[in-house]
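What you see is a predicted model; the values in this text were computed from it and never measured.
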Amino acid sequence: MSHGKLRDEKKCLNCGHSVEERFCSHCGQENIEPKQPFHYLFTHFIEDFTHYDGQFWKTMKYLLFRPGKLTKEYLAGKRQVYVAPVKLYIFVSFITFLLPSLFSSSEEEQEQNKKTYAAKKTEEKAQEEKITRLTDSLKHEFTKNQLIKDRQAPKDKDIKITEVNGNDIETDALGETRDGKISVLGATNMKQFDSLDAKNIRNQSIFDFMRPFAKKVFYLQEEGLSRDQIFDKFTDTIVHTLPKALFVYLPIFAFFLWIFHNKKKWWFFDHGIFTLHYFSFLLLGTLILIFFSRLMNLFPNYGILALLNVLVNTVAVLYMSFYFFVAHHRVYESSRTMSVFKGIFLFLVNFVGIICMFLILMYISFIMMH
């Protein structure tokens, strides 16, 4: 694909050598006019980054639908016709980071949603107050009748009284109060959290672990964010954390491959190429699912569409899992039995490792969220 208008002169502007055709045979620079239209800045970036002349689309096709093909071709020395593994991974990571943020709502939309949510909550609160008054009236009558029965009942029963203030450590780590706020270990603010921490000495480690999380939740609620808004921000954090977790895990994944394969036949470099291609596929698959999810949000929540959404996501997850076994067998060319055995073990080990890495980075990202 042309990157610009060719110069009439045949002298290379970069090295001074004669240019017979479009590219200089000495330095490789394209012999085009130095001054170009403004849009050339962007089109040139896209063309150079994705090899728009055919390499990019061929690479994408093999990456998505031909497990292991890119790795085998690259290790066989066929590298000019495909996007380089590192460049491919950087590009896919870049668009995975960038595109979801483009779908984020504007500040005006967020403010409007906030006002709508507040009005809805006010109406719900009024309804809850009416129900509460009616419930309290019924509860008063019930308690009165129960006290009369207890006085008449035999005294051989051991009536256990428990606190009904949410201070039991067996409560859920995250809960929801009647006014729609998030509670952490039964507390709705740091004062309550510290009080519960002091009472539950045996569960000190749990409170220490949840303390940064609680500070962030209570801080966001004090800033006026609702429960749904906090979880929306948390969802965005998860989406942006996944590429980071995968990038950090790249050398670990390659290390496990190195351990379970012949050290003389397969170098760590070879495992690194396989890892870059596989993780590029995972990122690209994640990006496609994000696109599909945002697309489904544009339609009403009909039953058939909800079923279609679940079906597509299930098939995608199964395909992304099955992809590893096929790619592993094709690249390392071991017997089917050995390939399945190694594949299952590597898949399980790395699945646990990625989940752990993801949870750690997600925890840190949530604490750093603002």
Query raised in the report: Any side-chain heavy atom of Leu287 within less than 4.5 Å of one from Phe291?
Result: yes
Query raised in the report: Would a distance-only check, ignoring hydrogens and angles, find a side-chain to backbone donor-acceptor pair under 3.5 Å from Asn309 to Leu305?
Result: no
Query raised in the report: What are the two closest non-hydrogen atoms of Phe269 and Tyr74, and how far apart are they?
Result: CZ-CE2, 3.9 Å
Query raised in the report: Between atom CZ of Arg336 and atom OG of Ser339, what is the distance when rounded to the nearest 0.5 Å?
Result: 8.5 Å
Query raised in the report: Does Leu289 offer a backbone N or O that forms a donor-acceptor pair with the side chain of Ser293 under 3.5 Å?
Result: no
Requested in this report: Would you confirm whether Lys69, through its side chain, and Phe65, through its main-chain N or O, come within 3.5 Å as a donor-acceptor pair?
Outcome: no
Report task. Could you check if a side-chain atom of Val248 sits within less than 4.5 angstrom of a side-chain atom of Met357, using non-hydrogen atoms only? Result -> yes
Query - Between CD1 on residue Ile355 and CD1 on residue Ile360, distance to nearest 0.5 Å - result: 11.5 Å
Requested in this report: Using a cut-off of 6.0 Å, state whether more than 12 heavy atoms not belonging to Lys191 lie near its atom NZ.
Outcome: no
Requested in this report: Indicate if Phe322 and Phe253 have the same hydrophobic cluster label, given that clusters are the connected sets of ILVMFWY residues with side-chain heavy-atom separations under 4.5 angstrom.
Outcome: no
Query raised in the report: Are His277 and Phe281 close enough that their ring centers fall under 6.0 Å?
Result: no
Query raised in the report: Yes or no on salt bridge (Lys or Arg N to Asp or Glu O under 4.0 Å) for Asp270 and Lys72, after CA distance, side-chain angles and deciding distance?
Result: CA-CA 10 Å; Asp270 304 329; Lys72 285 183 68 67; over 6 Å; no
Query raised in the report: In terms of side-chain heavy atoms, does Tyr332 have a donor or acceptor partner in Asn262 at a distance below 3.5 Å?
Result: no
Requested in this report: Examine Phe279 together with Tyr89 and report whether their ring centres are nearer than 6.0 Å.
Outcome: no
Query - Minimum heavy-atom distance Phe324-Gly343, with the two atoms named - result: CE2-O, 3.4 Å
Query raised in the report: Is it true that Glu20 and Lys10 have a side-chain N and a carboxylate O under 4.0 angstrom from each other?
Result: no
Requested in this report: To the nearest 0.5 angstrom, please state how far the CG atom of Leu359 sits from the CD1 atom of Ile354.
Outcome: 12.0 Å
Query raised in the report: If you count the non-hydrogen atoms of other residues, nucleotides and ligands that lie under 6.0 Å from CG in Asp208, is the total more than 12?
Result: yes
Query raised in the report: Heavy atoms, side chains only, cut-off 4.5 Å: are Cys27 and Cys12 in contact?
Result: yes
Report task. Could you pull out the closest heavy-atom pair between Val92 and Leu284, with the gap in Å? Result -> CG1-N, 3.7 Å
**Report entry** Connected via hydrophobic side-chain network under 4.5 Å: Leu308 and Ile304
**Finding:** yes
Requested in this report: Please step through ring pair (Phe, Tyr, Trp, His ring centres under 6.0 Å) for the pair Phe91 and Phe56, ending with a clear verdict.
Outcome: CA-CA 11 Å; Phe91 174 72; Phe56 175 72; 5.4 Å; yes
Requested in this report: Check whether any side-chain heavy atom of Arg330 sits under 4.5 Å from a side-chain heavy atom of Pro67, and report yes or no.
Outcome: yes
Requested in this report: Could you check whether the rings of Tyr323 and Tyr278 sit parallel, tilted or perpendicular, using 30° and 60° as the cut-offs?
Outcome: parallel
Requested in this report: Please step through side chain to side chain contact (heavy atoms under 4.5 Å, CB included) for the pair Val19 and His26, ending with a clear verdict.
Outcome: CA-CA 9 Å; Val19 182; His26 185 261; over 6 Å; no
Query raised in the report: Do His271 and His261 have side chains that get closer than 4.5 Å, going by heavy atoms?
Result: yes
Query raised in the report: Considering all heavy atoms of both residues, which atom of Leu13 and which atom of Ile32 are nearest to each other, and what is their separation?
Result: CD1-O, 4.4 Å
Requested in this report: Answer whether the closest heavy-atom distance between the side chains of Leu276 and Leu88 falls below 4.5 Å.
Outcome: no
Query raised in the report: Would Glu9 and Arg7 pass as an ion pair if we require N to O under 4.0 Å?
Result: yes
Report task. Check the surroundings of atom CZ in Phe247: do more than 12 heavy atoms from other residues, nucleotides or ligands lie under 6.0 Å from it? Result -> no
Query raised in the report: On the ring face of Phe260, is Lys342 found with NZ or CZ under 6.0 Å from the centre and within 45° of the axis?
Result: no
Query raised in the report: Out of curiosity, does Leu257 fall in the hydrophobic cluster containing Val326 (side-chain heavy atoms, cut-off under 4.5 Å, transitive links)?
Result: no
Query raised in the report: Between Asn350 and Gly353, is there a donor-acceptor pair closer than 3.5 Å when you use the side chain of the first and the backbone of the second?
Result: no
Query raised in the report: Just how far is it from atom OG1 of Thr275 to atom OH of Tyr249, taken to the nearest 0.5 Å?
Result: 10.0 Å
Query raised in the report: Is there a donor-acceptor contact under 3.5 Å from the side chain of Lys215 to the main chain of Met190?
Result: no
Query raised in the report: Can you find a pair of side-chain heavy atoms, one from Leu75 and one from Trp266, that are under 4.5 Å apart?
Result: yes
Query raised in the report: So does Phe268 have more than 12 non-hydrogen atoms from other groups sitting under 6.0 Å from CZ?
Result: yes
Report summary line: Closest non-hydrogen contact found for Cys24 with His17 is SG-CB, 4.2 Å
Report task. Before giving the answer on salt bridge (Lys or Arg N to Asp or Glu O under 4.0 Å), spell out for Arg79 and Glu73 the whole-Å C-alpha distance, their side-chain angles and the decisive distance to 0.1 Å. Result -> CA-CA 7 Å; Arg79 305 176 181 182; Glu73 294 281 271; over 6 Å; no
Query raised in the report: Is there side-chain contact between Leu348 and Val352, with at least one heavy-atom pair below 4.5 Å?
Result: no
Query raised in the report: Taking the six-membered ring for Trp, are Phe347 and Phe351 parallel (under 30°), tilted (30 to 60°) or perpendicular (over 60°)?
Result: parallel
Report summary line: Ile273 and Pro85 have their tightest heavy-atom pair at CD1-CG, 3.9 Å
Requested in this report: Give a yes or no on whether the backbone of Val83 and the side-chain of Thr59 come within a donor-acceptor separation of less than 3.5 Å.
Outcome: yes
